[in-house]
Amino acid sequence: MTYYMELRRSEERGMEKGMEKGMEKGMEKGMEKGRWITLAELVGEGVLTLKEAAKKAGMSEENFRKLASL
């Protein structure tokens, strides 16, 4: 294998690892956003209070209100 081929192979492995990490982070953010949306819907339906939802989201009521646009 030539030096160029080895560099190319290394570059491809690096790109694959980077894509995997990016997808993981994207999925985490998406799940977190989905959780906030669900909590906001439960507040809107009267199932949870704003205080309860904020506590479950791990943030202040003010931050949850801003994030959930309540």
Side-chain angles (χ1 to χ4, degrees):
M1 184 177 301
T2 67
Y3 180 71
Y4 173 77
M5 291 170 69
E6 185 60 36
L7 283 176
R8 182 71 180 141
R9 186 183 225 180
S10 179
E11 182 182 275
E12 287 174 2
R13 284 192 300 254
M15 289 175 67
E16 287 174 6
K17 285 183 182 181
M19 289 181 70
E20 286 175 11
K21 285 184 180 183
M23 289 183 70
E24 286 175 12
K25 285 185 178 184
M27 288 179 68
E28 287 174 11
K29 285 185 177 184
M31 288 175 30
E32 189 174 325
K33 184 176 180 179
R35 184 169 182 230
W36 293 333
I37 291 170
T38 300
L39 288 170
E41 288 173 351
L42 291 172
V43 170
E45 294 171 3
V47 176
L48 290 176
T49 65
L50 181 63
K51 186 175 184 176
E52 292 169 331
K55 184 176 180 181
K56 288 183 182 294
M59 61 182 67
S60 70
E61 290 179 46
E62 183 179 325
N63 285 343
F64 184 82
R65 182 180 287 118
K66 287 178 184 176
L67 184 67
S69 301
L70 297 174

- Task: I would like to know whether Lys21 and Lys17 meet side chain to side chain contact (heavy atoms under 4.5 Å, CB included); could you show each step before the answer?
- Result: CA-CA 6 Å; Lys21 285 184 180 183; Lys17 285 183 182 181; 5.6 Å; no
Note: Phe64 and Ala40 closest approach over all heavy atoms is CZ-N, 3.8 Å
Taken in chain and number order and not counting sequence neighbours, the residues that satisfy salt bridge (Lys or Arg N to Asp or Glu O under 4.0 Å) with Glu62 are Lys66
Rounded to the nearest 0.5 angstrom, the CD-CD distance for Glu28 and Glu32 is 8.5 Å
By side chain to side chain contact (heavy atoms under 4.5 Å, CB included), Lys33 pairs with (sequence neighbours left out) Ile37
Residues passing the salt bridge (Lys or Arg N to Asp or Glu O under 4.0 Å) test with Glu11, sequence neighbours excluded, are Arg8
Requested in this report: Output yes when a side-chain donor or acceptor of Ser10 lies under 3.5 Å from a complementary backbone atom of Glu6, and no otherwise.
Outcome: no
(message) I'd like to check Lys56 versus Leu48 (side-chain heavy atoms, cut-off strictly below 4.5 Å). Are they in contact?
(response) yes
The reported gap from CE in Met59 to CZ in Arg65 (rounded to nearest 0.5 angstrom) is 13.0 Å
Item to complete: Measure the shortest side-chain to side-chain distance between Arg35 and Met31 over non-hydrogen atoms and say whether it is less than 4.5 angstrom.
Response: no
Output for pair (Thr49 OG1, Glu52 CD), nearest 0.5 Å, gives 3.5 Å
